[in-house]
Every structure is written in C-alpha cells, then in structure tokens.
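Below, chain A is the first sequence line, B the second, and so on; all start at residue 1.
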Protein chains: 2
Amino acid sequence: MTDKPRTGLRERQKEDRRARIIAAARQLFLKAGPENITIEAIAEIAGVSSVTVHNYYGTKSGVLLALVAESDRELLYTMRHDLLGKSRDPGDLLMHFLSIVCTHALKHLDKVIWRQVIAASVNGQDPRFGKLYHDLDRRLVGVLVEEIRRLQASGLWPAESDATQLGWALFNIQNARFIEFISSDHIDQATALRHLRNDIRALMLEKPPLPTGDVPTGGVLPDRCHP
Amino acid sequence: MTDKPRTGLRERQKEDRRARIIAAARQLFLKAGPENITIEAIAEIAGVSSVTVHNYYGTKSGVLLALVAESDRELLYTMRHDLLGKSRDPGDLLMHFLSIVCTHALKHLDKVIWRQVIAASVNGQDPRFGKLYHDLDRRLVGVLVEEIRRLQASGLWPAESDATQLGWALFNIQNARFIEFISSDHIDQATALRHLRNDIRALMLEKPPLPTGDVPTGGVLPDRCHP
DNA sequence: ACAAAAACCTTTAGTCCACAAAAATTTTTA
DNA sequence: TAAAAATTTTTGTGGACTAAAGGTTTTTGT
C-alpha cells in the first residue's frame, strides 16, 4: 500500500475543475449582469454539473468567497507597500488603510456583490467562509500592528500601548466604516473617510498623547457630519 | 366620496394578519428547531397563504426583522434604565452597553438566527431592513450620547469632546465585538466583554484624560488575549 | 497487466424560497 | 344592492440547495 499520491491524476483534475469554476465565476460576476449569475451558468461555462459546483464550494456565496480570497494577495501586497512609513500617527495610518481597502474593494466587485460577501462571512452557513475571512483580517491587522510598532519605535506614539491590541481595535473601527460604505449606495469613499476621521478625532487618535510630562492639546473640533 | 377609513374593517384585518404572522413566526423561531421554519409553516399557523406572508414581509428574513423590531422597545427601555449614571468613564459605559446588548440578544433568539438577522441587515435586498436596523442603532447611540454628556457634565470626561461623534465611534467599537460574539459559537459573553475591554485599554478610554494641567497615568497593561 | 476497489462526477428527484400574473373573494362605495 | 376597488389566494416558473442512485475513471493489489 503506497502513500496517497499528492499529485495523482485525480488531484490534478480536481484542481483543474476548481480553477475552471472560479474562472467561469469571475467572468460572470464581473462582466455579466446579475441575471446570468446562476450556479447553472457557472457550471456550464466551467464544463461541470451544477451539483459539482455545490460540492466544491458549498453555496453560491462560497464561490464568491473563493473569488475574493484570490484578490487577497493583491490587497495584502498593496497594503504592505502603500502603508509603509507614510503615517505620523495611528489616525493617519487608519485613514490610509481604509482608503486602500475601499479602492481595492470596488476595483474588483461592486457594492451589491460585496454585501453578499459580508453577509456570507457573518452568516457562516459554511464554516469555511468565516475562517477564510478571519484569516484575511488577521493578516491585515498584522500590517497595522507593524506600522504601529514603527510609530512607537520612532517615538511618535507611546511605547506602553500594546500594539497588537491597538491594531485590532483600530481595525474594527475602520471595518465598521467600510461596512457602512458597502451597505449603502449613497455613501462614497470620501464620505466614509470623513466619518472615519470623525471617529479618530473623537477618540483622540490623531495627536499622539505624549508618553509623559506633557498634555495633549485639546479642542480638535470634528466636522459636523454624521448619519 | 368620504375619506379613506383609517379604521375600516380592511385595516383591522390587515393588522390582524400581521399580528398572526408575527405570532406564528415567534412560535416557530423560538420553540421549533430550524427544520420547521418555513414560510409555508408560518403561513399555515397564521391562517394565511404563503404568498401573503411574502406580500407582508418581503422575505423570510423580513419576518425575522419584524420579530427583532418588536423587541427593540424592550432593549431600549432596558438600556435607558440600566445604563443610567452607573459609569465612571466611556470605557465603563461601553462595557455595560455591550453586556446589556448580548444578554438581550440571547434572551430572544439564538446565535444562528441572529446571524441571519445581521446578514439581512447588511445584505439589504429589502431596503426596509437596513432602515429599520439603522433606526435602532441611532436610538441606541442616542442613549450612549446622553450618558457621555452626563460624564462631561460631571467633569469626568473632557467637555471638548463632541459627544455625538464619540457616541458613534464607541458604538461601532462595541458593535464589532457584538458581531464577533454572534458570529462564532465559541465566543461567550465573557469573552466578548474581555475583548472589548482590551479595545478600551488600547484606546485609552478607561482613565479620563484630564481636561488640562494633568497627565493621565500611563501603563495600563492589557490582558494577553486576542483571536 | 488486469481485475477489484475506491473515488467522485453526473443524473435524477425533491424541498423550499422568491416572484409574477391570473383568478377569486371580500370590503367599499355610490 | 350592484358596481368598483382592494387584497388574498391560486397557479406557475426559476433557481438554490440536498440526497440518493448510477455510472465512469483512477487507484490499488497482485
């Protein structure tokens, strides 16, 4: 009894089908209107049966998630590249972060589709979804944390803060505004960023609270703007 | 031609059906397992056709949303009552807030159902959902803002902060942890609260930064705990 | 190399949600 | 009380999803 062949014909066929299904899905989700986006249509283009699509990806949202997962690499690369050392404080950092996320999101899919993605990520019928999404979150937070550490190393932010904790907190704040951005057709990127800036000002994340012996200048007046 | 009767037989019948549908839905969502929860089943108990359920509430999630909306009053009442003047700072306030929200949520529906609710609120096939949910949010934030003003009036928090902005920012931070709580079966209320406390510490919302002439004591060490 | 075994895709059939249009019923109105 | 209006039910269609049966191809053991 030999080992299971990791690269047998069967494995390659599966990988092929996976790829074909994703390619077909991308073609439909991007080009075609929402009318033609049926499991059936995807299956036909991919040259498999609709049941196979289900077996591979669970649900229609599952196919979508896989599509999103593919663009993760790109987002992560962009994030690492564009976020590097450009910020003076966590507030600044977060503004850049949200800006990149929004731009990236709309570059690949439109809001209507993103709503389904987010809904699927919380609804989690298939546990794979939640996990996939959470993994991306973790890596994104990792980038934030690195930058926070950089700020701390430069003396721009108090070293007592736990960078990891702050990274998650900041990420959540930003994510709330991203979801708001996605949830409504009326909210454009500039508005989302304005809302985030208000959050930052209200939480006093803009001017670094100096580690000791000094007092942050109060009275940063937030814009009059909120839902 | 007389005025449209605001209380004609027709109106009363509609109200009756609405009530019967909601009652039937509650019965099924609470008692029965998820298997029996079909539009058909709800319609049968309510004594109407399944199409009527659709006409009244749009989708299955719509019925669910209506159910949630009903418990809003209670949550708001509890919130106003239990939050009143018990907090020493915004961090404290937010911990109480999340605690009340989590308790209230599980008292009425289980996590699986809540996931659908949240998914529907962002997915927004029916625009009513988003609006309903957002209205509740606004009123909840209102409660937060009142309490923040109270803190400011008592000199426990700098008066320069814009209470409304801070209210929304705090609400979003808390909401992220609530969604985390709902999204996973493994996270209990205590864990969610612990995560929120870490957020609060990282953001330095615990000790009020004194308005002027004093320095916040640094070095509040956050727990070692995060996803 | 070959036959048995295992893997796995497709077909088939069925449930349910969602939606639309026609048909039937009941309240309103004149 | 009969016509008109409103609203429900009936009927029918499409698509997501699931389960089971059937068939084909790769693997495996000799």
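Seen from the ring of B:Phe181, B:Lys111 counts as a face-on cation partner, given the 6.0 Å and 45° thresholds. For the pair A:Arg18 and A:Tyr57, the cation-pi test (distance below 6.0 Å, angle within 45°) is passed.
Per the geometry, CD belonging to B:Glu40 stands 13 Å off P belonging to C:dA18, to the nearest Å. We find that CZ of B:Arg12 is positioned 13 Å from C1' of C:dT28, with the value rounded to whole Å. Whole-Å rounding puts the A:Lys14 NZ to D:dT26 P distance at 14 Å. We find that NE2 of A:His54 is positioned 11 Å from P of D:dA19, with the value rounded to whole Å. Between A:Leu64 atom CG and D:dA16 atom P there is a gap of 13 Å when expressed in whole angstrom units. In this entry the distance linking CG of A:Asn55 with C1' of C:dT12 reads 14 Å, nearest Å. Note: CD (B:Glu15) to P (D:dA6) measures 19 Å, nearest angstrom. The nearest whole Å value for the distance from the OH atom in B:Tyr56 to the C1' atom in D:dA6 is 11 Å.
Distances shorter than 4.0 Å separate none of the side-chain N or O atoms of A:Gln13 from OP1 or OP2 on C:dC8.
For A:Thr38, whose side chain is taken as the heavy atoms from C-beta onward, the closest listed nucleotide among D:dG15, C:dC9, D:dT7 is D:dG15. Side-chain atoms of B:Arg17 lie closest to D:dT7 of the nucleotides C:dT27, C:dC17, D:dT7. Of the candidate nucleotides C:dC17, C:dC9, D:dA16, C:dC17 has the atom nearest to the side chain of B:Lys60. Taking every side-chain heavy atom of A:Val51 into account, D:dA19 is the closest of D:dA19, D:dT8, D:dT11. Here the side chain of B:Ser49 is nearest to one of D:dT10, C:dA18, D:dT7, namely D:dT10.
One distance of note links CD1 of B:Ile182 with CZ of B:Arg177; it measures 14.5 Å at 0.5 Å rounding.
Here B:Ile37 lies in heavy-atom contact (under 4.0 Å) with sugar-phosphate atoms only. At a threshold of 4.0 angstrom between heavy atoms, the contacts of B:Thr59 are confined to the sugar-phosphate backbone, with no base atom among them.
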Given the rule in the salt bridge (charged side-chain N to carboxylate O under 4.0 Å, His left out) test, do B:Asp16 and B:Arg12 qualify, once you have shown the distances and angles that lead to the verdict? CA-CA 6 Å; B:Asp16 257 28; B:Arg12 259 176 294 137; over 6 Å; no
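Shown here, D:dT30 forms a base pair with C:dA1; the pair counts as Watson-Crick or G-U wobble because both key distances fall under 3.5 Å.
Looking at B:Glu147, its side chain does come within 3.5 Å of a backbone N or O of B:Gly85 through a donor-acceptor pair.
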